[in-house]
Amino acid sequence: MEVLQRKILPPLTLLSSFLLYYYLNGSRTSHNGCSLLQHSHYWIKSKRIVTPEGIIAGAVEVKGQKITSVLKEKDWHEISKGGHVLEYGEAVVMPGLIDVHAHLDDPGRSDWEGFPSGTKAAAAGGITTLVDMPLNSFPSTVSEETLKLKIKAAEKNIYVDVGFWGGLVPGNAFNSSYLEALLQAGVLGLKSFMCPSGINDFPMTDISHIKAGLSVLAKFGRPLLVHAEVQLDSTKESDLDGDDPQSYYTYLKSRPPLMEEEAIRQLLTVSKDTSPGGPSEGAHLHVVHLSDASSSLELIEEAKRNGHSITVETCPHYLAFSAEEISEGDTRFKCAPPIRDAANKEKLWEALMIGKIDMLSSDHSPTVPELKLLGDGNFLSAWGGISSLQFVLPVTWSHGRKYGVTLEQMVRWWGEKPAKLAGQQLKGAIAIGSYADIVVWDPDKEFYLDDNYPTFIKHPSISPYLGKRLAGKVFATFLRGNLVYKEGKHARAACGVTILA
Ligand SMILES: NC(=O)NC(NC(N)=O)C(=O)[O-]
Ligand SMILES: [Zn+2]
Ligand SMILES: [Zn+2]
């Protein structure tokens with residue numbers, strides 16, 4: 001008996017005090033690897049916390065997955081009542097970014113990106129939620145069954161939360177029970193193309209498909225996202241005969257602003273159905289990646305004035321680059337609609353600053369370097385899509401500073417508005433009861449996107465941001481209370497969740 005006491009008791013006591021220590025400290029790292037932090041109850045303290053009530057000096061209390069209080073500096077003595085304190089000084093503390101437009105290409109084309117690398121890049125860039133597009137993966141997400149394949153591919157492979165848009169295609173648009181099954185299975189809304197998508201199993205829709213889709217979406221209160229460009233008789237490929245395919249101007253000529261304008265003109269004939277009292281009241285129309293800042297934007301403004309439920313996004317590449325600076329053959333810049341001239345860029349900024357453009361998204365649409373034809377430089381045959389996911393926060397900030405962008409605007413474009421579009425009431429704000437999805441970053445810290453910079457997208461070489469100098473460095477990213485990224489390092493386990501409506 002005495003031997004037993006001597007041999008067994010000491011390790012037992014050690015074990016129980018160990019367990020007690022971890023219980024009191026709320027450790028999770030040790031057993032599931034979801035967080036780089038040893039605590040589940042802690043305070044994030046900073047001089048610049050961006051809340052819906054303005055920027056405050058204070059602290060955000062996190063318990064488990066949620067934000068449980070937001071304190072101002074004068075109430076800091078409350079902190080001493082318990083919980084670990086993370087001191088971030090002057091760094092900005094704001095909601096993790098929500099990217100409503102990303103192509104992660106999984107399953108089926110994970111050699112293009114994939115859930116693990118894409119969501120690691122997102123976390124490193126301060127994005128805590130993204131909504132994956134229904135195309136470029138294989139198969140496309142156009143049915144309940146194919147959504148299940150998406151979910152299966154994502155599970156245990158995502159480092160941030162991921163929701164899914166379903167595809168509206170000619171094959172399902174007039175089959176309301178089929179579409180309803182897709183929506184019931186949890187897609188956050190639908191997405192369609194008004195021009196060829198570049199992907200065979202994702203054909204384009206015409207306005208009658210879109211009208212039908214809206215009427216189904218109305219019952220669910222969910223949005224339809226539309227790639228708004230239509231082919232014009234005047235822009236047939238044959239008209240480009242003789243034009244140099246390595247010149248960016250040849251590509252620009254192949255996709256004039258009129259393609260966007262005409263698509264939007266058609267869209268407005270059905271978006272009126274979403275007006276109060278209209279046949280599709282409850283549905284919403286969202287124009288993705290607007291590039292034309294002229295007539296297209298005016299048309300959207302008019303629809304808003306007329307009560308249509310409609311919003312519009314643009315992307316950082318349209319705000320950071322202009323056609324004038326794209327070198328011969330540099331297909332990293334190829335995307336649709338195209339990056340237009342500097343005057344258009346100025347107008348996009350103007351529209352964004354005054355709220356005519358509602359929000360931003362990455363439209364991260366990578367491929368394998370071979371399909372970008374970087375050596376050949378043929379703009380007409382290279383894959384169209386910009387690789388950007390990890391860089392959208394510093395890009396928006398670096399280029400926005402000269403237009404006087406505020407931190408509150410950053411949160412509106414990347415948090416509040418996208419959360420609303422995707423139906424995520426508990427995301428996009430530093431507020432009590434919201435998920436503790438938080439990015440901590442330094443707006444003044446400048447860096448080169450060079451080989452020394454920890455980059456997580458699968459094919460950094462195809463990104464037009466490589467080599468650029470940017471401002472706004474992400475220090476830390478919290479997802480549902482887990483510290484998932486800190487200074488170049490991710491938590492071991494992929495603990496993002498799939499978001500289903
Ligand atoms: N198949 C695509 O990913 N297309 C994408 N390509 C771009 N934007 O160039 C898009 O969103 O339209
Ligand atoms: Zn598109
Ligand atoms: Zn896209």
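One-based numbering, in listed order, for ligands and for the atoms of each.
Inclusion of Gly384 in the set of residues having an N or O under 3.5 Å from an N or O of ligand 1 is warranted. The N/O atoms of Trp383, backbone and side chain alike, include none that comes under 3.5 Å of an N/O atom in ligand 1. By the 3.5 Å distance cut-off applied to N or O atoms, Lys334 is not counted among the residues near ligand 1. For a threshold of 3.5 Å applied to N or O pairs, the pair formed by Phe193 and ligand 1 contains no separation below that value. Every N/O-N/O distance between Lys191 and ligand 1 stays at or above 3.5 Å.
Here Tyr248 and Phe333 keep their ring centres 6.0 angstrom or further from each other. Note: Tyr448 and Tyr453 fail the aromatic proximity criterion, with ring centroids not under 6.0 Å apart.
Note on His101: not counted as a metal contact of the Zn ion (ligand 2), no N/O/S atom lying under 2.8 Å. Because the distance cut-off is set at 2.8 Å, His103 qualifies as a neighbour of the Zn ion (ligand 3) through one of its N, O or S atoms.
With ligand atoms numbered from 1 in the order given, ligand 1 contributes 1 (N) to contacts under 4.0 Å with heavy atoms of Ser197. Within ligand 1, the atoms closer than 4.0 Å to a non-hydrogen atom of His289 are 10 (C), 11 (O), 12 (O), numbered from 1 in the order shown. Atoms of ligand 1 lying under 4.0 Å from any heavy atom of Cys335, numbered from 1 in the order shown and given with element: 9 (O).
Salt bridge absent: Lys468 and Glu325 never bring a charged side-chain N and a carboxylate O closer than 4.0 Å. A salt bridge links Lys304 with Asp358: the distance from a Lys NZ or Arg NE/NH1/NH2 to an Asp or Glu carboxylate oxygen falls below 4.0 Å.
Note: Phe193 and His227 have parallel aromatic rings, judged against thresholds of 30 and 60 degrees for the angle between ring planes.
Asp363 contributes OD1 as its N, O or S atom closest to the Zn ion (ligand 3).
No option in Glu229, Glu262, Glu260, Glu261 other than Glu229 meets the salt bridge (Lys or Arg N to Asp or Glu O under 4.0 Å) test with Arg255.
An angle of 90° is found at the Zn ion (ligand 2) between His227 atom ND1 and His289 atom NE2, rounded to 10°.
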